[in-house]
A.B. asks: 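What follows is a structure written as structure tokens; I'll ask about it next.
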Amino acid sequence: MEVAVCVKQIPGPDSPQEIDPSTGRLVREGQPVIDEADTYGVETALQLVERAGAGSVTVLSMAPGGETSGVRAALAMGADRAMVVSDERLAGSDALGTARVLAAACRRCGAELLVAGTESGDGYSGVVPAQVAELLGWPAVTFVRRIELDGGELRAERQGELGTEVIACPLPAVVTVTAGAVEPRYPSFAGIRSARQKPVEELDLSALGVDPAGVGEAGARQRVVAVRAVEEERGSGEVLEDDGRADERVLRALSEWKVI
Amino acid sequence: MPPSARPFDPTDLAELGADLSEEERMVQQTVRAFVRDRVLPGIDGWFERGVFPVEVAKELGKIGVLGMHLDGYGCAGLGAVSYGLACLELEAGDSGFRSFVSVQGSLAMFPIWRYGSEEQKQLWLPRMASGEVIGCFGLTEPDAGSDPGSMRTRARRDGSDWVLDGTKMWITNGGIADVAVVWAQTPEGIRGFLVPRGTPGFTTNDVHRKLSLRASVTSELVLDGCRLPEDAALPGVLGLKGPLSCLTEARFGILFGVLGAARSCFQAALEYSKSRLQFGRPIGGFQLTQAKLADMAVELEKDLLLALQLGRLKERGRLTPVQVSVGKLGNVRDALEIARASRTILGANGVTLEYPVIRHAANLESVLTYEGTAEIHQLTIGRALTGLDAFSS
């Protein structure tokens, strides 16, 4: 079972988040970390290969400046190798440009399944995995909470408004997993040490065979024209008188807010 | 704000984090995530109830934190700075967790790793690294603290066996330990013994009613005609330098660890100062509050710089006990000052468990005197400065 997993490397959640007002882009100085949303994808990929008893997990990442520290975290969790697409011309890519790169990387690594988080923790476009699926001509099953492989078929559970959908589709396929799908393991320190030795293939656009015209600032058909500070909006709350059944109303509210 | 594009981090004014290796950063992030997920949600309750959640602590073995700076026998073999950063992140959760790791890795595993026989290493270290077996370190006695050479615990020969008598006090992990490293006087000098839980004549009593390190087990070890086989003794060391070398290891973890507690207090105070309004404005806008915050941020960064330098020396095998005293004395004292200053910014909120500050402040009161009191470290540095020994009469 060859599984590829997308990993975005973003500024650490503990480092202060800032947007460069001149470009509208997130300031990306310093060592990036693995996007927490992607740790669910990595864990899912690792579990699928572990359950299959054979195969490997390849991490795919696009990093204009050749960053690898976030990718190493995925290797420390147990992924076998990584492919980092690094090229200055990638800076300023929009979602479709990113998808073109990841689709080419996925094709190159020979995976039968591509796993990704539902959306990145910094950009939140949420469309890249579906675009990758379209470019590859693979089915995309999104917002998956549970996934199983049965021969050449994938069965996935999606949580919908009215119930749980069970989706079946043939491989190869793209799936995106939600945060509740699995509990990502902590990288073990032995894993951190062995991550040093694992292969990280760095490719530029020409090595990957991607047309520079379709990526980066040059290929971007959307751009951020303004970034406004978040205005705090807080309506008045609701006070519950506990008549002995307030717990049910609290649970209902939490469920409506999709907290639980 | 500076014109630099790099985001401003109030807890790292001089960008010391930028020079950490990828491996060190990953270790730090992993332990920070563990603390966020597993320690912080429960810590105020554990502290309040005086409970150490040993099952949570054992999970640190799965990650590889226990004995992480040792090589082989299931240990991760990471560098000194990585070990220090792990201690820092653990203590940002609570000193109880950092103390657990210091004792397990530096006081219990280290002497076995350094002075034990091959059989002892094979028997204990892999299970201690995984968290399956918990260790403790028995040196201090009710009447022998700063002067461990005056210990009364004796080990005498009886045939090929050893028989131990004495009492050890203030022993972290004592009541939960599966094996105790006990130091005792023998006719040849002080030696270390591995005493498994359940050995006849060996009992422990936990210390209750303490108002510091409440999320940590502190115990008395009682050895009453405790008979051990000959191979229970650590063969590799004789004299006080054995236990003192272990303490030097543990103190190294402390001089990083306390910066985690200090950072947690500083962050709480900084956030509070920006949201707490008095006289119609955030108290962070007042000069006296800013002076406190600036002093805290400066001390925190200077202490981290010192810790990192000592870590680099340790990695090169050049760290001396006096240098460890410099770090332990200075960093613990400063951390306590930061905790107290943070407390004043939080006002009455600073004494409740709704905020981490009073918990850290109370914990640091123990850290100030354990593993060598501040005064003993002053005397160690004083002796190095003057060439005159103030310990002996």
Side-chain angles (χ1 to χ4, degrees), chain A residues 9-23 25-36 39-40 42-43 63 65-79 82 84 91 122 179 183-198 200 232, chain B residues 1-12 15-38 59-72 74-79 82-83 85-86 89 92 105 129-131 263 267 270 275:
Chain A
Q9 306 178 83
I10 66 172
D14 298 314
S15 66
Q17 311 282 307
E18 281 177 29
I19 289 172
D20 182 339
S22 61
T23 62
R25 291 187 214 145
L26 202 63
V27 175
R28 291 181 191 279
E29 287 288 323
Q31 293 281 344
V33 300
I34 182 170
D35 187 344
E36 194 176 334
T39 61
Y40 300 97
V42 174
E43 180 63 39
E67 300 86 359
T68 57
S69 54
V71 162
R72 290 274 174 211
L75 296 175
M77 285 174 73
V84 175
D122 59 348
E183 190 177 340
R185 66 194 72 184
Y186 300 106
S188 77
F189 288 0
I192 289 175
R193 287 206 69 178
S194 66
R196 271 196 290 210
Q197 321 294 339
K198 290 180 176 173
V200 177
E232 259 185 63
Chain B
M1 282 292 294
S4 135
R6 185 182 288 278
F8 178 76
D9 181 354
T11 64
D12 187 13
E15 297 182 22
L16 298 175
D19 288 333
L20 298 176
S21 74
E22 200 168 82
E23 196 169 272
E24 289 159 354
R25 203 169 288 121
M26 249 195 276
V27 165
Q28 182 169 24
Q29 281 158 5
T30 301
V31 180
R32 188 179 293 196
F34 177 87
V35 168
R36 180 197 62 203
D37 300 342
R38 306 291 289 130
E59 291 174 27
L60 291 165
K62 267 188 241 159
I63 300 175
V65 178
L66 307 178
M68 60 182 280
H69 58 310
L70 308 176
D71 262 321
C75 304
L78 288 161
S82 289
Y83 174 55
L85 293 170
E89 293 302 333
S130 71
R263 184 185 74 195
Q267 284 175 316
L270 179 60
S275 61

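Only this structure's heavy atoms are used, side chains among them; waters, hydrogens and symmetry mates stay out. Only a predicted model underlies this, so the values are computations on that prediction, with no experimental measurement involved. Every chain is numbered from 1, with letters handed out A, B, ... down the list of sequences.
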A.B. asks: Salt-bridge test for B:R36 and B:E89: reply yes if a basic N is under 4.0 Å from a carboxylate O, no otherwise.
C.D. replies: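 B:E89 and B:R36: not salt-bridged.
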A.B. asks: Given 3.5 Å as the limit, does a donor-acceptor pair link the side chain of A:S69 with the main chain of A:P32, or not?
C.D. replies: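 Yes, because the side chain of A:S69 sits within donor-acceptor range (under 3.5 Å) of the backbone of A:P32.
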A.B. asks: Among A:G191, A:S188, A:A195, which residue forms the greatest number of heavy-atom pairs with chain B at distances under 4.5 Å?
C.D. replies: A:S188
A.B. asks: Under 4.5 Å heavy-atom distance to chain A, tell me which part of B:V65 shows up: side chain, backbone, both or neither.
C.D. replies: both
A.B. asks: What part of A:R185 gets within 4.5 angstrom of chain B, counting heavy atoms only: side chain, backbone, both, or neither?
C.D. replies: neither
A.B. asks: Let me know if B:Q29 has heavy atoms under 4.5 Å from chain A in its side chain, its backbone, both or neither.
C.D. replies: side chain
A.B. asks: What part of A:A76 gets closer than 4.5 Å to chain B, counting heavy atoms only: side chain, backbone, both or neither?
C.D. replies: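 The side chain, not the backbone.
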A.B. asks: If we ignore hydrogens and angles and just use 3.5 Å, is the side chain of A:Q9 paired with the main-chain N or O of A:A63 as donor and acceptor?
C.D. replies: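 Checking the backbone N and O of A:A63 against the side chain of A:Q9, no donor-acceptor pair under 3.5 Å is found.
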A.B. asks: Which atom pair, heavy atoms only, marks the closest approach of B:M68 to B:A86?
C.D. replies: SD-CB, 3.7 Å
A.B. asks: Quick check: does any side chain N or O of A:R193 sit under 3.5 Å from a backbone N or O of B:E23, one acting as donor and the other as acceptor?
C.D. replies: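 Absent.
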